[in-house]
Amino acid sequence: MAANFPTSRLRRLRQHPKIRDLVREHDVHVNDLIAPLFVKQGLTGKKEISSMPGQYQLGLDALAAEIKTIVALKIPAIILFAIPEHKDATGSDAFAEDGIALQAIRLIRKTAPELLIISDICCCEYTDHGHCGVMDEHTGCMDLNNDATLPLLQKQVVAHAKAGSDVMAPSGNIDGMVQAIRSALDDNDFKHIPILSYTAKYASSFYGPFRDAAESAASFGDRRSHQLDVANANEALREAEQDVDEGADMLMVKPAMPYLDVMLRLKQTHPALPLCAYQVSGEYAMLKAASQQGWLDEQACVLESLVSMKRAGANMIITYYAKQVATWLG
C-alpha cells in the first residue's frame, strides 16, 4: 500500500462521470478519421466484400452517393484504392488518363470540393502480378526492382495531383520513394502537396481481407523483400529517419494495434511530425466477426481500439469503421 494512502485516493477522479470527462487524456473525434474507398472499373452499383462485412467495392455510378454520405457525416478525408479492368506488368492504369483512379479522383473532386483526397501510391492494385513495382530476376528468383519502380511512382503522383488529389501516400516501402515523389511533385508545380509516407508498413498477416477488397493478391512470392519484418522495431525508426530526410510531411504505421509500440517510439522520436495509424482490414474483420457473434460490444471495443492509437501518438486514423464511428460520435 502506498505510504500516502489514505490522503491520496486516485479513485476520486473516477467516481463521477463528468470528472472522468474533464480529466480524460485522449479521445477520438470525427476529425481524426480517414475513410478508405475501393472503386472498381466496370462494376455497376456496389458489391459487398465477403471478408469485410459492411464494406464495398464501388462502381463509378455509386461513388458520388458514397462521397455525399461521407461528407454528411463530417468525415474530413478519404484514401482511395482503385481496381482497374486492365492490369499489366508495370501498373500503367495507375496514371492513365482514362484509368479508374483518375476518373474516381475527378468525380470525387467534382462531388465534394471540400473533401480531402488521399491517393494510395503503389503498383500492386494495377499490376498483373500483384506486386508493388517492376519485377525481374535477381539471384535466381523474381524480385522487385527498386530503382526501376521509382519512375512509375513519379508518374502516378503527377497524374493524381493533376486530377485533383490533395495528399500522396506512397505505400510500397520502396527505398528512395519519398525523395523521388517529392522531386516529381516539385518539378511539376505541386510543391504544396504533402506526402504521407507508409513509413512503418509491416509484412503483416492482417492484410488478408484487403487483398480481396483491392484484388491485389500476389500471383507468386510475397512482399517480405520490401515490407518490414514483423519482429523489428528499430528498423522502423531507420525508415522514419530516411523518410524525414527525403521530405515526408507525415508518417504512418500499418497495421495499428499490433504495432502500438512502434507508433509510440515514432512519435517520441519525431514528435513534431503528424502520425497516422492504419487500422487494417484484418483488425476490422476480427472486430466485426466477434461482434456479429455477440462476443464483443462492437461500439465499445472499436472506440477503445481507436483510443489506444491516439494514446500511442496517432494524430489521424485510417479505419474501415470511419462511417460507423462518425455515427456513434454524433
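In this chain, numbering begins with 1 at the start of the sequence shown.
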Answer yes if the ring centres of [X] and [Y] are under 6.0 angstrom apart, and no otherwise.
X: Tyr202; Y: Tyr259; value: yes
X: Tyr126; Y: Phe95; value: no
X: Tyr278; Y: Phe206; value: no

Determine, for Asp32 against Lys310, whether the closest basic-nitrogen to carboxylate-oxygen distance falls under 4.0 angstrom.
yes

Would Lys323 and Glu66 pass as an ion pair if we require N to O under 4.0 Å?
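Yes, charged N to carboxylate O under 4.0 Å.
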
Can you confirm whether [X] sits close enough to [Y] that some side-chain heavy atom of one is under 4.5 Å from a side-chain heavy atom of the other?
X: Leu275; Y: Met252; result: no
X: Leu303; Y: Trp328; result: yes
X: Met250; Y: Pro194; result: yes
X: Ile78; Y: Ile117; result: yes
X: Ile70; Y: Leu37; result: yes

Backbone N/O of Leu115 and side chain of Arg109: donor-acceptor pair under 3.5 Å
yes

Does any N or O in the side chain of Asp120 come within less than 3.5 Å of the main-chain N or O of Phe81, such that one atom is a donor and the other an acceptor?
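No.
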
So, using salt bridge (Lys or Arg N to Asp or Glu O under 4.0 Å) as the criterion, who are the partners of Asp243 when residues are at least two apart?
none

